[in-house]
Amino acid sequence: MCRRTEGEQADCQHKDTLTGFFCSSSSSSSPPPMSVLPLRVKMLQRVWRLKGAVVLVCSPFILLPLAFSTTEAACAYVIALMAVYWCTEVLPLAVTALLPTILFPMLGIMQSKDVCMQYLKDTNMLFVGGLMVAVAVEHWNLHKRIALRVLLVVGVRPALLMLGFMGVTAFLSMWISNTATTAMMVPIVQAVLDQLHGNGDVDPATSTQSRPLQQKAISIQQAAEKGLNDSTEAQNCSEDTSYPGENLPSEQEVMSQDPMDKQEFVKPTPQDKPPSDTSSGPVVVTVENIAPTELQELSAEEEEKKRMSKGLLLCVCYAASIGGIATLTGTGPNLVLIGQMSQLFPQNGDVINFASWFAFAFPTMVLMLTLAWFWLQFLYIGCNLRRTWGCGSVQSEKEKAAYELIREEHCRLGQMSYGEVSVLAVFILMVVLWFTRDPRFMDGWSTNLFNAKAEFVTDATVALFVAVLLFVLPSEPPRYLCFWRGSDSGPTHPESQVSRGPAPPLLTWQVTQKKMPWSIVLLLGGGFALAKGSEESGLSRWLGAQMTPLHSIPPWAIAIVLCLLIATFTECASNVATATLFLPILASMSQSISLNPLYVMIPCTLSASFAFMLPVATPPNAIVFSYGFLKVSDMAKTGVVMNIIGIGCISLAINSWGRVMFSLDSFPSWANVTASV
């Protein structure tokens with residue numbers, strides 16, 4: 001009951017809140033009991049925790065009317081249910097991908113044996129073989145050696161340093177997991193930032209002069225952020241005020257810690273406290289203690305450091321997502337595309353293979369990476385050529401310290417061991433065999449040797465052959481190569497010591513089983529099962545018939561609208577799940593309007609990898625966000641422009657060299673044959 005005078009009767013506002021109601025008036029009012037707020041908050045928290053169970057249980061019943069009308073509607077029921085589960089993640093993605101093995105036979109869409117066959121197709125084996133090679137590269141620390149070597153070449157000037165991080169991250173993500181690449185690169189970024197910002201080992205001769213002044217300025221800034229506008233409250237800030245960088249470990253610890261462990265980077269410890277400029281007692285901080293010009297310079301310097309930290313962290317996660325589009329095995333949506341092509345258009349004649357995809361996607365990746373570099377540089381570093389590029393300026397002590405840190409880390413790896421050289425040779429062999437198998441502009445090594453009558457040898461055959469070699473080749477040199485000095489080097493591989501028994505192979509099954517993301521295999525299989533079910537039930541033909549009016553819209557406009565739609569959808573759902581849901585629908589649409597399916601399927605596949613706006617959109621974003629430097633608003637405003645850049649680059653690529661490479665101006669016979677069946 002709210003108590004108020006008659007004059008305040010009209011001014012009293014009753015608002016529903018967590019406590020039940022709220023009365024705003026100038027007179028005294030009886031607040032709700034203190035026990036009401038915790039009780040109702042706990043109730044809401046319990047309801048919020050049950051949201052997953054509510055979605056999990058209620059979604060099948062809400063969509064149930066679709067399941068018992070027609071076969072097409074039953075297939076749509078399964079797709080809609082999986083879409084809800086994939087978007088909300090109430091079940092693990094791989095578990096949701098297994099639902100067709102249960103629902104398709106129960107609803108009479110497909111036989112169980114036919115559904116289960118979709119989960120281990122040629123594309124899944126291509127993914128398994130490629131990832132085994134990537135696991136070997138990670139296991140032998142070859143990716144870290146490449147990254148540090150590139151950074152030594154580009155230097156530590158801000159703009160060039162960002163270019164180096166983006167270039168090496170994009171290159172590594174072409175071959176290994178985007179998540180693994182980001183997890184390896186971000187600690188290196190953090191260690192370099194510590195040196196550039198003076199948060200590493202600071203000279204004692206200068207620490208007592210620079211840190212107290214900086215500490216006082218930050219005390220005032222923190223007081224202002226908390227709303228302490230009264231000067232008497234600001235004066236009570238003591239010397240225990242946190243110092244930026246005190247919660248960051250030393251460079252040796254940064255290089256070894258797990259980047260997903262946020263607590264290691266944000267929880268300060270007593271020994272990390274900066275030295276105080278007084279022996280005892282609180283530090284009295286007032287505006288009069290610091291000159292206005294000094295305070296302004298310190299604030300500008302801190303803001304500049306913060307912007308640079310954000311820019312370098314964002315450049316790594318964005319480059320990981322961009323680099324993955326260049327190869328078929330670089331990211332999941334690319335594998336979904338090639339699998340859906342073989343599923344929906346079995347007579348396509350291997351129009352997309354590793355070589356043809358690389359020829360199209362690699363220039364697109366380079367163009368987008370360059371534009372992204374310019375955008376991030378403009379937003380977070382600036383366009384001062386003297387400061388960011390080092391034109392005509394002398395390298396500062398902090399830049400020298402950062403460069404020395406990179407050099408020391410590279411030297412700590414030691415000489416390349418026999419195992420590293422072997423893994424590098426096997427990796428190069430796989431890439432060469434992929435490129436020369438069927439380059440399309442000429443006959444490859446498999447064209448007349450194996451594939452004269454049919455497509456016997458594919459990219460999956462190459463990937464699995466190379467993967468098997470990793471389990472056969474030894475990790476230590478044979479006796480006639482006993483002069484190899486790198487064979488017993490310990491820093492890169494703990495098992496590389498000379499053993500009395502047979503040398504272990506380059507890759508063991510225990511390591512493979514631990515590091516292989518098996519869930520993606522099931523996720524890909526679930527997508528292939530959905531595509532096959534849509535074809536068998538007739539849902540694909542029905543969807544294509546509904547999209548016939550799109551024939552009057554220019555193809556380039558259709559592609560742009562679909563790219564915008566998928567780039568938005570992938571911010572809230574898994575990249576692989578997004579491609580799995582949309583590609584079969586786009587294939588049916590293309591057949592209904594006599595448009596080359598690749599004209600819309602390729603751009604939308606690339607757009608599914610452009611999850612730049614939210615931390616939860618993709619694991620690389622989550623990794624950099626966990627460091628605490630970035631806000632959601634930072635990623636959102638940067639990611640919007642990144643999405644525009646990506647869609648622009650895709651539109652340019654598909655309407656220029658892509659149109660020539662894949663003959664996009666004509667409706668292919670392989671798509672027409674599939675439609676007639």
Side-chain angles (χ1 to χ4, degrees), residues 137-173 176 180-207 245 248-259 265 305 308-309 311-313 315-316 319 373 377 381 387-421 423-424 485-486 488-494 496 627:
V137 171
E138 295 179 45
H139 182 60
W140 285 90
N141 253 355
L142 189 60
H143 60 323
K144 185 176 180 180
R145 185 181 294 274
I146 295 173
L148 294 174
R149 187 61 187 173
V150 172
L151 294 177
L152 287 175
V153 173
V154 299
V156 293
R157 298 293 187 184
L160 297 178
L161 185 64
M162 178 179 286
L163 177 63
F165 278 126
M166 295 184 71
V168 70
T169 303
F171 173 77
L172 292 175
S173 64
I176 65 177
T181 303
T182 307
M184 188 270 299
M185 290 298 298
V186 171
I188 301 177
V189 173
Q190 187 62 65
V192 173
L193 286 173
D194 286 347
Q195 295 298 325
L196 289 176
H197 296 168
N199 295 336
D201 295 330
V202 184
D203 187 3
T206 59
S207 62
L248 299 176
S250 61
E251 59 269 18
Q252 290 84 2
E253 295 173 340
V254 170
M255 300 301 294
S256 62
Q257 286 175 337
D258 185 2
F265 296 94
K305 291 178 180 179
M308 185 175 179
S309 299
L312 290 182
L313 288 173
C315 81
V316 170
W373 174 50
Q377 181 184 341
I381 296 181
R387 181 177 59 83
T388 61
W389 290 77
C391 298
S393 63
V394 181
Q395 196 175 43
S396 65
E397 292 296 329
K398 293 180 180 179
E399 291 174 342
K400 291 180 181 179
Y403 186 85
E404 185 65 20
L405 170 67
I406 299 175
R407 190 188 65 80
E408 289 177 358
E409 284 297 324
H410 183 266
C411 293
R412 191 175 291 117
L413 295 176
Q415 185 183 2
M416 287 189 69
S417 66
Y418 177 82
E420 284 183 273
V421 175
V423 171
L424 180 61
R485 293 176 297 175
D488 58 349
S489 60
T492 52
H493 192 265
S496 61
Y627 274 67

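- Here CG of Leu193 is found 10.5 Å from CG of Leu405. Values are rounded to the nearest 0.5 Å.
- Across Ala159 and Trp373, no two heavy atoms sit closer than the pair O-NE1, 3.2 Å.
- Taking each heavy atom of Val316 and Thr169 in turn, the nearest pair found is O-CG2, 3.4 Å.
- Residue Ser417 holds its OG atom at 10.0 Å from CG of Asn141, rounded to the nearest 0.5 Å.
- Inter-residue side-chain proximity for Met185 and Val168 is flagged as met; some heavy-atom pair is nearer than 4.5 Å.
- In this structure, Arg407 and His410 have side chains that are not in contact, with every pair of non-hydrogen atoms separated by 4.5 Å or more.
- Of the options Glu138, Glu420, Glu409, a salt bridge (Lys or Arg N to Asp or Glu O under 4.0 Å) to Arg145 is made by Glu420 and by none of the others.
- With rounding to the nearest 0.5 angstrom, the CD1 atom of Ile188 is 4.5 Å from the CG atom of Leu148.
- Here CD1 of Ile381 is found 5.5 Å from CE of Met308. Values are rounded to the nearest 0.5 Å.
- A donor-acceptor pair under 3.5 Å is formed between the side chain of Ser173 and the backbone N or O of Ala170.
- Of all non-hydrogen atoms in Leu172 and Ala147, the two that sit nearest each other are CD1-CB, 4.4 Å.
- Scanning both residues, Leu142 and Met416, for their nearest heavy atoms gives CD1-CE, 4.0 Å.
- The shortest side-chain heavy-atom distance between Val154 and Leu163 does not fall under the 4.5 Å cut-off.
- Counting heavy atoms from C-beta on, the side chains of Phe165 and Val192 come closer than 4.5 Å.
- Rounded to the nearest 0.5 Å, atoms OH (Tyr403) and CG (Leu151) are 10.0 Å apart.
- To the nearest 0.5 angstrom, Lys144 atom NZ is 8.5 Å from Met184 atom CE.
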